[in-house]
Q: 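Attaching a single structure in structure tokens format; questions to follow.
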Amino acid sequence: MSRALQSIGRSAIGWLLPALLLVGWEIASRAGVISANVLPAPSAVGAAFWKLLLSGELLENIRISTLRALSGFAVGGAIGFGLGLANGLSALSRGLTDTTIQMIRNIPHLALIPLVILWFGIDEEAKLFLVALGVFFPIYINTLLGIQGVDPQLVEMGRIYGMSRSQLFVRVILPGALPSIFVGLRYALGIMWLTLIVAETISASSGLGYMAMQAREFLLIDVVVLSILIYALLGKLADTLARYLERLCLQWHPAFQNA
Amino acid sequence: MTAATITARQSFTETTARATVTAQERKIAFSFRNVTKRFGDKTVLQGVDLDVHDGQFVAVIGKSGCGKSTLLRLLAGLDKPTSGELVHADETKDQKRTRIMFQEPRLLPWARVGANVDVGLTGIAKGVEVRKKSLDILAEVGLADRSEEWPSVLSGGQRQRVALARALVGHPSILALDEPLGALDALTRIEMQQLLERIWLSKKFTAVLVTHDVAEAVALADRVVVIDSGRIALDLPIPVERPRRHASPELAFFERQILDQLYKQKTP
């Protein structure tokens, strides 16, 4: 019982600072320290949230953005994971592709926005392409690192005990690479939102980024602030999900056993 | 007290029976025939000839870098000899199995203890049978109640016992041990030696133990082979009855002989 309370207490402590900030912000706004033209009070942002929620506009935009983010993530993540595996397992594949990938990696993917608009216009493909490209690298690099970091003594052990290549992969190599793959996953989720928001503010006709840009045109600062807060929450949500998955898959890891 | 006497008598009878069988049949488990192994231009083993009988416990001893681990890796099929050949007596598909146990337990950290033992049955057994065999062998090494634990919560000695269970679960005919107790503390090491001896007596496999601990070698082995600069420098039978007592005068006598051989070259 007291242990359950303790664990609630531990997770609640992280929310203490945001809540205090919010209260301080509200007080400062009411006292007139912060002008409403610069930063509206949290209550005003709350009101905007409620209005947009009732009109259905907010949920629709969140839905569209989430869908874009996830499909881009699925495409980029799958390619990154696949290539990471291939290059981790085969020296030939690595020799063939790694140099190219490292060159492309050094181009900031957001610098491609003008080119992407020329190629795809402002349709869905443009956003999908950018998100996929952004997500690809952290997943690729960490999958590759994870596989290269698998303890060779364990691989030798697996061979001695007569594991086939596929058994070796499923029972030794993949689980050994998993901690590193999860690091890549969490990085990628952050980049996923970042890329999508930038892409949507520049070229879109729907979605959260578009909503924020429209609100700026009409000087609706409360909606702009609301969008920013929603990004923060979505990012936190994605990270929490990833951590939950990590905890589930890495139960064996000493770092996850003290809970 | 009675129980202890009975156990002692049992292992005594077994040893006598074993000695008779060895004397009668002298069936060979494996032979090294003029085996040489080079890595680049460095010769690690030079013309090694060694016949080991079925069920024999051989200890291989030598200073570090003398080639004893290489000998074991050749035996386990992890390396191939540069010249000469290694002949296994039992070429039938199930009997040919040689298992090797290393200084590190090499357990899969992401598999529970039971699943780690299951690895030893890869390609040998399937399904329910695997679980049953694994639990049986875990009971033999005294870890019956730990099969659902993660390896990370076990102590060093317990992990090495899991590794031993994994090596033995497939009933190997030869067990190669590459300093498996080297990283354990002195007391755990003695416990593990007793466990190893007990299991070897009951399972009747051929054991080849590489070690740098002379006391361990004479306590466990029927025969001690000393390797020096890639050659067999001494091949010494240890005809002491089991169970043996640590640091008994008989063992000390053999220990002295081996140490003399090892240090002869150092101070000419």
Side-chain angles (χ1 to χ4, degrees), chain A residues 3 81 84-85 88-89 139 142-186 242-259, chain B residues 69 72-79 93-94 96-126 130 134 148-154 159 162-172 174-178 180 183:
Chain A
R3 183 172 289 181
F81 183 63
L85 286 186
L89 297 171
I139 299 264
N142 285 287
T143 305
L144 180 60
L145 265 182
I147 289 189
Q148 288 176 333
V150 172
D151 185 353
Q153 292 191 331
L154 289 181
V155 177
E156 189 184 58
M157 184 279 298
R159 291 227 173 84
I160 294 169
Y161 281 97
M163 288 188 191
S164 64
R165 282 179 72 94
S166 61
Q167 280 173 320
L168 205 60
F169 176 73
V170 174
R171 293 172 79 170
V172 181
I173 295 173
L174 190 59
L178 215 52
S180 173
I181 293 174
F182 269 108
V183 172
L185 179 75
R186 288 177 63 185
R243 287 178 74 153
Y244 172 74
L245 260 179
E246 189 175 45
R247 205 163 263 281
L248 202 71
C249 296
L250 303 182
Q251 284 175 46
W252 55 271
H253 204 284
F256 296 93
Q257 275 169 5
N258 40 23
Chain B
S69 290
L72 213 59
R73 292 180 68 86
L74 291 174
L75 175 63
L78 294 175
D79 278 321
K93 57 181 186 304
D94 267 341
K96 208 186 118 189
R97 283 198 297 269
T98 303
R99 290 294 192 226
I100 186 165
M101 209 180 137
F102 297 95
Q103 180 165 0
E104 330 74 48
R106 300 198 186 185
L107 303 179
L108 300 172
W110 42 85
R112 293 181 194 269
V113 165
N116 262 296
V117 178
D118 293 350
V119 169
L121 289 167
T122 308
I124 296 170
K126 277 203 172 83
V130 170
S134 297
E148 289 307 308
E149 305 261 27
W150 297 113
S152 57
V153 304
L154 301 182
R159 284 181 209 173
V162 177
L164 178 65
R166 178 181 64 192
L168 291 174
V169 71
H171 293 289
I174 300 171
L175 179 63
L177 303 132
D178 193 358

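These numbers come from the heavy atoms of this one structure, side chains and all, not from hydrogens, waters or symmetry mates. Below, chain A is the first sequence line, B the second, and so on; all start at residue 1.
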Q: Less than 4.5 Å to any heavy atom of chain A: does that hold for the side chain of B:L78, its backbone, both, or neither?
A: side chain
Q: Between B:L75 and B:A176, what is the shortest heavy-atom contact and its length?
A: CD2-CB, 4.2 Å
Q: Check whether any side-chain heavy atom of A:L178 sits under 4.5 Å from a side-chain heavy atom of A:C249, and report yes or no.
A: yes
Q: Any side-chain heavy-atom pair from A:M163 and B:V119 closer than 4.5 angstrom?
A: yes
Q: Contact part of B:A115 toward chain A, heavy-atom cut-off under 4.5 Å: side chain, backbone, both or neither?
A: backbone
Q: For A:Q167, is it the side chain, the backbone, both, or neither that has a heavy atom closer than 4.5 Å to a heavy atom of chain B?
A: side chain
Q: Over all heavy atoms of both residues, which pair between B:R99 and A:Y161 is shortest? Give the atoms and the distance, please.
A: NE-CE2, 3.3 Å
Q: Would you indicate whether the side-chain heavy atoms of A:P175 and B:L108 approach each other to under 4.5 Å?
A: no
Q: Mark yes or no for whether B:R166, through its side chain, and B:P105, through its backbone, hold a donor-acceptor pair below 3.5 Å.
A: yes
Q: By a 4.5 Å heavy-atom criterion (distance strictly below it), what part of B:T122 contacts chain A: side chain, backbone, both, or neither?
A: both
Q: Ignoring hydrogens and angles, tell me if any N or O in the side chain of A:S180 forms a donor-acceptor pair with the backbone of A:N142 under 3.5 Å.
A: yes
Q: Sub-4.5 Å heavy-atom contacts with chain B: which residues of residues 149-159 of chain A show up?
A: A:Q153, A:L154, A:E156, A:M157
Q: Quick one: does B:E104's side chain get under 4.5 Å of B:R159's, heavy atoms only?
A: no
